[in-house]
Amino acid sequence: MKRAHLHLEQALTSALHEIGVTEAKVILERPRDPEHGDIATNAAMVNAKGANMQPRKLAETILEKLKVDSSLIVPVGVAGPGFINFRFADHYLQSIATLAVEQASAFGQSETLKGQRVQIEFVSANPTGPLNVVSARAAAVGDSLSRIFRLLGAQCDREFYVNDAGNQVELLGQSYFCRYLETQGIAAEIPEGGYRGEYIAEIARKLAADKDSEELRKAIKIVDKPWKANVFGESVISWLGRRAMDEFISRHERSLEHFRVHMERWFRESELREAKAEWNALTELEKRGAIFQQEGAKFVRTSEYGDGQDWVVVTSQGRPTYFLPDIAYHLTKFRRGYDLIIDILGPDHHSYLTKMGAAMSALGEDAKKLEILLLQHINLLRDGEPVKMSKRAGQIIEMDELVEEVGVDAARYFFLMRKTTTPLDFDIELAKRHSDDNPVFYVQYAHARIESIFRRAGIEEPSESSHVELLTHPEELKLLRRLRELTDVCAECATTRDPHAMTVWLREVATQFHRFYHHCRVIGDSAELQAARLTLCRATQVALRTGLDLCGVSAPKEM
RNA sequence: ACCCCCGUAGCUCAGUGGAUAGAGCACCGGCCUCCGGAGCCGGGAGCAUGGGUUCGAGUCCCGUCGGGGGUGCCA
């Protein structure tokens, strides 16, 4: 799909050669104002010195020497300080419609990232409660990004890192136990730093109704201090902690699958710990001289590898900080051979990039492969009024609640509508509204409307001999230009690591389709023109469906 | 104290170093005997501020002001 650009670039280079510029610099750009054409080049300005000519004069000379295939590109002249402008040939644009229909779901695919192995880690919420809306944004962004990377030919794995080890298991077990005791009519105080969410009480009530509850009741009775009880051969606290975590992990998986997000791997911290991976990482760091002791604690010399300070990896009590297993975990990513490793984290982890990057450098890895994407927070609104959320009081809005209320389509689309670097205002009432101020429905409506045109025409597929050369109306050509942009937009999303541009493009395609629809009658008296326009309609549908699918949003045939 | 993100139209936001800075919402006025009016057409206003780099800066660098978030052997 890039053939027009490639062709023009080569033609400009050889024209410059002919003029006598040996080291020709050719950059193609897109004029901001469509009046200036589809492609512009500043070649005459940049190469003016090399040619020893005034920019405008050089531009004229280039145009004289330039040989371009007029079925692809048409020069429109010199403008401003020396820009040379070009337009896509109608023939080229018309061929896009045919191409899209032929390629169908493969439209937009490319091999730009072929051979690249990419890993994206996202959500990775602690298994101490249900997923909340913050995770939902990460899920939408991470999953769409991976879909885009795949369309561009990369292999991309999605991964969830499960923090199922460390003292939060204990803490969760204690909180769970307290709630369980309450169901047995025994008063209990949730410990400092414990989990107070209603969802713990919920699973405790479930447990009380479970057959394992019998065993638990017996165990509690024999000991005077219920905390010291053992059940199924281990302490009641750790048994409960693991049980609660497993429950939450499978709930996370269900929530994500329902949100159309499938993780290739759920990487458990407990596996790392069992293999002593954190201590192996420490040994490796020590071997490389990257560890020093101070006041009984062990520090990693991250400051020597680009971070602002050194960080504790083992406390003076001899316990690893969370950073050590994290290092071990990231080391596995590098050792698994990925070319690009992306972590999507919340804005509170902004120290992570230099810190983890430095640790990886200290271990001899190429830290440039690791990228940390800091996803900004979301503010939930209802008709413009903020929805109060307090994690401490356990009043979080669950991802499932939000998705149930607004639907997967609206939720995923809304989460992508802002750049990842911008905090997102999510208005629940707006997302639910089926009206023209809701962008999701605007885009989906365009797709459904096309389907209805085919129904109305009584035709399933556009005919093969579909005279696309008849697509010459300005609105038709503008629509074709939009469809051509799909590969550009995908490439942009991949480079910026942000699917947001896809939602902007989708809206533009939908807008241009509605304009075309208004100005050009599809079902008409000329069979040839009808065939050509049906082809354009199908091509638009293909493009919309691809874009929506990359966002994880459905493309309905009727609404 | 330090660190990160952000200041563009009344509101929410686009804007790969290039030409006269764009959309949506809201507001006003038009358009259905016509393929889905969940649509189309028309109408106004703006780059927080001071420097610097450049032939050229909303975009890159430094300062100031304003908003949001975070941090000091907790995860």
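Just so it is clear, the structure is predicted and the values come from calculations on it, not from any experiment. Chain naming here is simple, since letters A, B, ... match the order of the sequence lines and numbering starts at 1 in each.
- A salt bridge is absent between A:D427 and A:R382: the closest approach of a Lys/Arg side-chain nitrogen to an acidic carboxylate oxygen does not fall below 4.0 angstrom.
- The interatomic distance linking A:Y413 (OH) with B:rG24 (P) rounds to 13 Å, in whole Å.
- B:rC41: glycosidic angle beyond 90° from 0, hence anti.
- At the heavy-atom level, A:E558 lies under 4.0 Å from base atoms of the strands shown.
- By the criterion of a centre-to-centre distance under 5.5 Å and near-parallel planes under 30°, the ring of A:Y517 forms no stack with the base of B:rG39.
- Taking atom P on both nucleotides, B:rC60 is separated from B:rA19 by 16 Å, rounded to a whole Å.
- In this structure, A:C520 reaches the bases: a heavy-atom distance under 4.0 Å links it to at least one base atom across the strands shown.
- Under 4.0 Å is where a charged nitrogen must lie from a carboxylate oxygen, and between A:K355 and A:D326 no such pair does.
- For B:rC73, the OP1/OP2 oxygens have no side-chain nitrogen or oxygen of A:R319 closer than 4.0 Å.
- If you check every strand for non-hydrogen atoms under 4.0 Å, A:S316 touches a base.
- Note: CZ (A:R521) to P (B:rC35) measures 6 Å, nearest angstrom.
- Nucleotides B:rG52 and B:rA1 have their C1' atoms positioned 28 Å apart, rounded to a whole Å.
- We find that CG of A:L374 is positioned 14 Å from C1' of B:rG68, with the value rounded to whole Å.
- For the pair A:H36 and B:rA19, the ring geometry qualifies as stacking, because the centroid separation is below 5.5 Å while the planes lie within an angle under 30°.
- We find that NZ of A:K355 is positioned 16 Å from P of B:rG70, with the value rounded to whole Å.
- Between the CZ atom of A:F83 and the C1' atom of B:rA19 there is a distance of 6 Å, rounded to whole Å.
- For A:N85 against B:rA19, a side-chain-to-base donor-acceptor contact under 3.5 Å is present.
- Distance CG (A:D310) to P (B:rG72): 16 Å, rounded to an integer number of Å.
- Below the 3.5 angstrom threshold, one finds no donor paired with an acceptor across the side chain of A:Q317 and the base of B:rC73.
- B:rU20 and B:rG56 are spaced 15 Å apart, taking the P atom of each and rounding to whole Å.
- Under the 4.0 Å criterion applied to side-chain N and carboxylate O atoms, A:K333 and A:E121 are assigned as salt-bridge partners.
- Not one side-chain nitrogen or oxygen of A:T315 sits closer than 4.0 Å to the OP1 or OP2 atom of B:rC73.
- A straight line from CZ of A:R433 to C1' of B:rG24 spans 14 Å, rounded to a whole angstrom.
- Salt bridge annotation for A:E475-A:R515: absent, with no cationic side-chain nitrogen under 4.0 angstrom from a carboxylate oxygen.
- Residue contacts for A:Q444: at a heavy-atom cut-off of 4.0 Å it reaches no nucleic acid atom on any strand shown.
- Positionally, the nearest nucleotide of RNA chain B for A:A448 lies more toward the 5' end than for the other of A:P320 and A:A448.
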Nucleic acid footprint by protein, nucleotides 27-32 of chain B - heavy-atom cut-off 4.0 Å, B for base, S for sugar-phosphate alone | ------
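- Taking 3.5 Å as the limit, the base of B:rA75 and the side chain of A:Y322 contain a donor-acceptor pair of atoms between them.
- Comparing A:G166 and A:F516, the nucleotide of RNA chain B nearest to each residue sits closer to the 5' end for A:F516.
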If you restrict it to nitrogen or oxygen atoms, what contacts under 3.5 Å exist between nucleotides 11-15 of chain B and the protein, and what is each distance?
{"residue": "B:rU12", "atom": "O2'", "partner": "A:R418", "partner atom": "NH2", "Å": "2.4"}
{"residue": "B:rC13", "atom": "O5'", "partner": "A:R418", "partner atom": "NE", "Å": "3.4"}
{"residue": "B:rA14", "atom": "OP1", "partner": "A:K419", "partner atom": "N", "Å": "3.4"}
{"residue": "B:rG15", "atom": "OP2", "partner": "A:K419", "partner atom": "NZ", "Å": "3.0"}

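- Shown here is A:R455, whose CZ atom has more than 12 heavy atoms of other residues, nucleotides or ligands within 6.0 Å.
- Nucleic acid contact for A:A40: base, since at least one base atom lies under 4.0 Å from a heavy atom of the residue.
- For the pair A:L430 CG and B:rG24 C1', the computed distance is 11 Å after rounding to whole Å.
- Closest approach of A:V440 to A:A410, counting heavy atoms only: CG2-CA, 3.9 Å.
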